[in-house]
Amino acid sequence: MARIWHRAFRDYFSIRRLWLFPLLAGFCWFLTLTILLIRWLAVGRPRYPEQFNPYVPFISDIAAHQFKPVFIVGCAATGVTFFGTVFAVHHVRYSPQFYRLTDDAPWRQMTSLIALVAGLAAAISLVFLSIFDTDDAHVRHRHLLMGTFGGLFVSAVTTTAVWWDQIWGPTVFVGLRKWCLFNTFLVLCQFGCGLAFVVLMYDGYYKSSGILEWCLTYLGSFWLMSFVGYTMFREGEEPRIENEDERQPLLV
């Protein structure tokens, strides 16, 4: 059962630029949200015919009526780079050219595979979510929205579980703990924000829930970009395990 990940995904490519995936994923999603928000504000904050929230439109409401091509392109770019991000974050852990944990616990490697499948499901759902908008295909859009958030949730939880040893473990790679802590903090913030959004929306606090939805999605862009710290190839350095007397080169 050892080397499960390494047997499935060998280093047939350079891993020195894998950090571009989380950077591009976060940037594409942040830019997509900002364009939609600025457009809505610029045209006088209109209320759309099928808008459920009377105060603050959901992202899907704006995307269904204004700048839909921008939303489709943004979601497609985010979906592709998000899947690349999930792959990159787990691949560097087991790659002999990076952290070299090829013989990591089998349950972690299987969990990484689950995270990858969940990330793929979320990415595909996000792309189709942008095509089948809430105005023309409301039911299908809602199902795809559930698929997107479900895949994101599973991917985030499993990724956090895999890298948890770098937060509380006895041996952690120098410089990595702060990124794992920051990433986990953002996961908790997103979970709390999402839970509050659902509770407030069903209790009739539409204005607050609408604001929280935008906060939740913007937090997602920073969560994606935080993975740069996991995947950055530190040229000219020798990342090592903390508290070791001898430096152990992990990059070749």
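All figures in this text were calculated on a predicted structure; none of them were measured in a lab.
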Determine whether Trp179 and Leu219 fall in the same hydrophobic cluster, where Ile, Leu, Val, Met, Phe, Trp and Tyr are linked whenever their side-chain heavy atoms lie under 4.5 Å apart.
yes
Minimum side-chain heavy-atom gap Leu224-Phe27 below 4.5 Å
no
Using a strict threshold of under 4.0 Å (side-chain N to carboxylate O), is an ion pair present between Arg93 and Asp165?
yes
ILVMFWY cluster membership beyond Val80 - transitive side-chain contacts under 4.5 angstrom:
none
Same hydrophobic cluster for Val198 and Val187, using side-chain heavy-atom links shorter than 4.5 Å among ILVMFWY?
yes
Backbone N or O of Leu24 within a donor-acceptor pair of the Trp29 side chain at under 3.5 Å?
no
Answer whether the closest heavy-atom distance between the side chains of Leu152 and Phe82 falls below 4.5 Å.
yes
Pairwise side-chain contact, Pro57 with Arg47, heavy-atom cut-off 4.5 Å (strictly under)
no
Determine, stepwise, if the pair Leu101 / Phe173 fulfils side-chain contact (heavy atoms from CB on, under 4.5 Å).
CA-CA 11 Å; Leu101 298 176; Phe173 294 103; 4.1 Å; yes
So, taking the atom named OG1 in Thr217 and the one named CD in Gln190, what distance separates them when rounded to the nearest 0.5 Å?
9.5 Å
Run the side-chain contact (heavy atoms from CB on, under 4.5 Å) check on Leu212 and Leu216 step by step: do they pass?
CA-CA 6 Å; Leu212 280 174; Leu216 173 63; over 6 Å; no
Cluster link Phe58 to Tyr202, ILVMFWY, side chain under 4.5 Å:
yes
Check the orientation of Phe185 and Phe182. Use parallel for under 30°, tilted for 30 to 60°, and perpendicular for over 60°.
parallel
Check the pair Tyr99, Leu176 against side-chain contact (heavy atoms from CB on, under 4.5 Å), reporting the backbone distance first and the verdict last.
CA-CA 11 Å; Tyr99 293 116; Leu176 185 58; 3.7 Å; yes
Does the side chain of Ser112 pick up a donor-acceptor pair with the side chain of Tyr94 at under 3.5 Å?
yes
Can you tell me if Tyr218 has over 12 outside heavy atoms packed within less than 6.0 Å of its OH?
yes
To the nearest 0.5 Å, what is the distance between OG1 (Thr85) and CG (Leu20)?
10.0 Å
Ring pair (Phe, Tyr, Trp, His ring centres under 6.0 Å) against Tyr206, all qualifying residues, sequence neighbours excluded
Phe52
Within this structure, what is the CD-CG distance for the pair Gln109 and Asp103, rounded to the nearest 0.5 Å?
7.5 Å
Can Leu120 be reached from Phe21 by stepping across I, L, V, M, F, W or Y side chains whose heavy atoms are under 4.5 Å apart?
yes
Taking all heavy atoms of Trp223 and all of Ala156, pick out the closest pair and write down the distance.
CZ2-CB, 3.7 Å
Indicate, with yes or no, if the rings of Tyr48 and His65 have centres closer together than 6.0 Å.
yes
Approximate separation, where rounding is to 0.5 Å, of Ser95 OG and Arg100 CZ
9.0 Å
Parallel, tilted or perpendicular, judged at 30° and 60°: which one describes the rings of Phe222 and Phe30?
perpendicular
Which heavy atom in Thr148 sits nearest to a heavy atom in Leu126, and how many Å separate them?
OG1-N, 3.3 Å
Non-hydrogen atoms of Cys193 and Cys215 that approach each other most closely
SG-CB, 4.1 Å
Between Phe132 and Ala137, what is the shortest heavy-atom contact and its length?
CB-CB, 4.0 Å
Just by distance, do the side chain of Asn53 and the backbone of Tyr55 share a donor-acceptor pair under 3.5 Å?
yes
Closest heavy-atom pair, Leu23 versus Val228, reported as atoms and distance to 0.1 Å, is N-CG2, 3.8 Å
Following the transitive rule for hydrophobic clusters with a side-chain heavy-atom cut-off under 4.5 Å over Ile, Leu, Val, Met, Phe, Trp and Tyr, establish whether Val154 and Leu113 coincide in one cluster.
no
Would a 4.5 Å heavy-atom cut-off, applied to side chains only, mark Cys75 and Val127 as touching?
no
Minimum heavy-atom separation for Asp133 to Lys68, with atom names?
OD2-NZ, 2.5 Å
Applying side-chain contact (heavy atoms from CB on, under 4.5 Å), can you list everything that pairs with Thr159, at least two apart in sequence or on another chain?
Val89, His90, Ala115, Ser155, Trp163, Phe227
Could you grab the distance from atom CD of Glu213 to atom OG of Ser60, nearest 0.5 Å is fine?
6.5 Å
Can any side-chain N or O of Thr81 pair as donor or acceptor with the backbone N or O of Thr78 at less than 3.5 Å?
yes
Going through the checks in order, is the side-chain contact (heavy atoms from CB on, under 4.5 Å) test met by Leu18 and Phe98?
CA-CA 11 Å; Leu18 289 179; Phe98 214 103; over 6 Å; no
Give, for atom CZ of Phe87 and atom OG1 of Thr231, the distance between the pair rounded to the nearest 0.5 Å.
12.0 Å
